[in-house]
There are 2 protein chains.
Amino acid sequence: MNIYDISKAAGVSIATVSRVINGSSSVTEKTKQKVLSVIEEYGYTPNAFARGLGLNTMQTIGIMCPDSSDPYLADAIYYLERELRQNNYDSILCCTGYQLSTKEKYLKLLLSKRVDAVILIGSNFIEANDKNNKYIYDASKEVPVILLNGYLEGANIYSTSCDDYQAVYDAVSSLINSGIHKILYLFHSLSYSGIKKLNGYKAAMTAHNLELKEEYMQQFSGTIHETKGFLLKLREDGVEFDAIVTSDDSLAVSAIKYAKACNISIPSQLSIIGYNNSIMAECCEPELTSVDNKVETLCIQSVSTLMRVFENSNVPAKTMFSADIVKRATTRF
Amino acid sequence: MNIYDISKAAGVSIATVSRVINGSSSVTEKTKQKVLSVIEEYGYTPNAFARGLGLNTMQTIGIMCPDSSDPYLADAIYYLERELRQNNYDSILCCTGYQLSTKEKYLKLLLSKRVDAVILIGSNFIEANDKNNKYIYDASKEVPVILLNGYLEGANIYSTSCDDYQAVYDAVSSLINSGIHKILYLFHSLSYSGIKKLNGYKAAMTAHNLELKEEYMQQFSGTIHETKGFLLKLREDGVEFDAIVTSDDSLAVSAIKYAKACNISIPSQLSIIGYNNSIMAECCEPELTSVDNKVETLCIQSVSTLMRVFENSNVPAKTMFSADIVKRATTRF
DNA sequence: TTGTAGGCGTTATCAC
DNA sequence: GTGATAACGCCTACAA
């Protein structure tokens, strides 16, 4: 069932059928109705591949993220998909894991499918060594590249992010102002935003004349229970702290488990601040004070930016939102 | 840059170029190398739309789910995408929400994009009133339909599910055998698997000669805190229970919050069993005993079933796995 | 307002 | 082993 069959059945040319389908210019109401009724009768649907071939687009955006089951990234995917669909775009999802080689491979693959743009969720895509970002620059030569919570300077690259530096700076400052000085900063990785968060911690400590100790800046990746074990080990090794600020809610949940295991009471003896304000922050006990970095806002903005890029509007290459801190029960302020 | 440009530069015909690209039949090693080097030089990538038009496939599967930010569904999406990609298929994600009209609309939309198959995650797509499932039967006339945790009988419809009935039956029986008789069953919806779970509860109670009270079968949808409020209200209204079995981990987390609020100790005074064994089960305190309904297994099986359908292998229309109960700290057994 | 014809870039079927 | 050439189904100048 194609446009020829319809044209034959309706007694018009394929051009007219096409015009009706695309609601385009001047077609007599009468012929239009005729065609529509035939289309209805035969249950005809235009072939998206043929259309794609001609128009060189299938209205599809590639969404890449390391791991769609991470609650924070899952949220982002949800909002992005919703916004894109509202603009008549489909989303091809691609979970890359955290390896550079796989990211490169999958980004190429996505481009070979001729997506109209690519959205990279999370700063894990930006490598510290800039020459490893070549795959992103390469992509930007073909389609617009949208970075969510990452930043890279380049033509056709647009980034929307949250001010992670300031967020951690504020969180740490709040703790210090409430009289807590021994603050451990626990993080997953030194991705683009990972570095900004760490710098926020450093700056806040320094600004308040507190010594920056290596032992207070700990990187760890593992399950919730492995992370708990890591903290127990730290304590055994004599590292003392009255607060833990983390780069991710799951690390903060681990911190709560750690406190439980040691009979340390929260927040009187230990304050904890998470990051992302994900569902995990509400599941734990006590409920977690967490930085809300505005995923929904970021996603809405990203898609809106992309649509404006498609329209050739003048679009800023970088947009930044400030974060909020959602106070719950793991802090005293 | 298309196949003509390459053929010209390599001094061969487009047919030969095509053969080289697709690694197909007899091409001299020499001409093959010649073509490959030209392709390399020009950085040529075949046009996926044109290929799609000819082959009538772009190796793409539509994945539908009500809400990709739900931790359980997010897991499923992750595993499905991974398995599909291993089989050289892309995934178009489509979050439909819970409204029938939207599900219908989006399923049609997906089909109009000419996906090779559709995977529906979760039993929310199966309507109790079978005539409302017409949209699924319609879809199955065009492409294979894979149901994950749902069941519908029909040609070209394949379902992979977890034995929810037995899982709840076993969970409730375990409680009863440990001496607990006042068991509240709390659930979100009466979807296909929702009904099976409820029936599992009923059967277990009946099998142990316990009265089936309406007040012990409660349906509620809301946030974690709203659900906590609902349980508090139930208690105020005089409903007494020593255990809460839920259809979803988030409900179980709410139950924990409820117990906390009433100073009821877990599990000595109140046992709680969740469902899905999602990340939430490990975040809460005490950690949640939860039914593991094997998402990863379900996803692997679903994709493998689909691939066999594509090969025209003989494939069973229905596959069912049994669930496990993961014992943590909210139960005494 | 409507129709004709060419182009989009492949793959596949023939001949040679 | 390789090369013409016809689909695949749509959109869109251009012509009528």
Side-chain angles (χ1 to χ4, degrees), chain A residues 1-39 42-60 88 90 109 111-116 142-143 310, chain B residues 1-39 42-60 88 90 109 111-116 142-143 310:
Chain A
M1 181 73 11
N2 60 30
I3 208 172
Y4 287 92
D5 300 322
I6 300 299
S7 77
K8 221 168 286 175
V12 296
S13 74
I14 60 162
T16 301
V17 177
S18 179
R19 288 188 188 102
V20 171
I21 290 168
N22 297 296
S24 82
S25 57
S26 42
V27 182
T28 317
E29 187 59 28
K30 194 178 148 196
T31 48
K32 182 175 164 186
Q33 286 311 322
K34 176 71 188 163
V35 171
L36 283 177
S37 73
V38 172
I39 286 177
Y42 287 74
Y44 161 76
T45 314
N47 184 308
F49 300 148
R51 188 176 252 165
L53 180 56
L55 302 178
N56 201 29
T57 167
M58 269 185 68
Q59 299 279 103
T60 306
N88 282 314
D90 282 310
L109 204 107
L111 292 176
S112 79
K113 294 283 175 127
R114 291 246 177 346
V115 292
D116 298 307
E142 300 188 36
V143 296
F310 285 150
Chain B
M1 182 71 13
N2 60 30
I3 209 172
Y4 285 93
D5 300 323
I6 300 300
S7 76
K8 222 168 287 174
V12 296
S13 75
I14 59 163
T16 301
V17 176
S18 179
R19 287 187 188 103
V20 170
I21 290 167
N22 298 296
S24 81
S25 57
S26 42
V27 182
T28 317
E29 187 59 28
K30 194 177 148 196
T31 48
K32 183 175 163 187
Q33 287 310 324
K34 174 72 188 163
V35 171
L36 283 176
S37 73
V38 173
I39 286 177
Y42 287 75
Y44 161 78
T45 314
N47 182 308
F49 301 149
R51 188 175 251 166
L53 180 57
L55 301 178
N56 201 30
T57 167
M58 268 184 68
Q59 300 278 101
T60 305
N88 282 314
D90 282 311
L109 205 107
L111 292 176
S112 79
K113 294 282 175 130
R114 290 252 182 334
V115 292
D116 298 307
E142 300 188 37
V143 296
F310 286 149

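Keep in mind that this is a model prediction, so the values were computed, not measured. The sequence lines fix the lettering, A, B, ..., with proteins before strands; numbering per chain opens at 1.
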In whole angstroms, the gap separating C1' of C:dG9 from CE of A:M58 amounts to 15 Å

Are B:T28 and D:dT2 close enough that a side-chain N or O sits under 4.0 Å from OP1 or OP2? yes

Give the minimum heavy-atom separation between B:Y4 and B:I14, together with the two atoms involved. CD2-CG2, 3.5 Å

Taking all atoms of both residues into account, what is the closest heavy-atom pair of A:D90 and B:K113, and its distance? OD2-NZ, 2.7 Å

Can you tell me how far C1' of D:dT2 sits from NZ of B:K30, to the nearest Å? 14 Å

When you measure from the side-chain N and O atoms of A:T31 to the phosphate of C:dT2, is any distance below 4.0 Å, counting only OP1 and OP2? yes

Side-chain heavy-atom pair B:V35, B:V12 within 4.5 angstrom cut-off: yes

Shortest non-hydrogen separation from B:Y44 to B:M1 and the atoms involved: CD1-O, 3.6 Å

Backbone N/O of A:D5 and side chain of A:N2: donor-acceptor pair under 3.5 Å: yes

Give me the atom names and distance for the closest heavy-atom approach of B:S112 to A:A48. O-CB, 3.5 Å

Could you write nucleotides 6-15 of chain D as a row of B, S and -, 5' to 3', where a protein heavy atom under 4.0 Å of any base atom gives B, of only sugar-phosphate atoms gives S, and otherwise -? --BBBBBB--

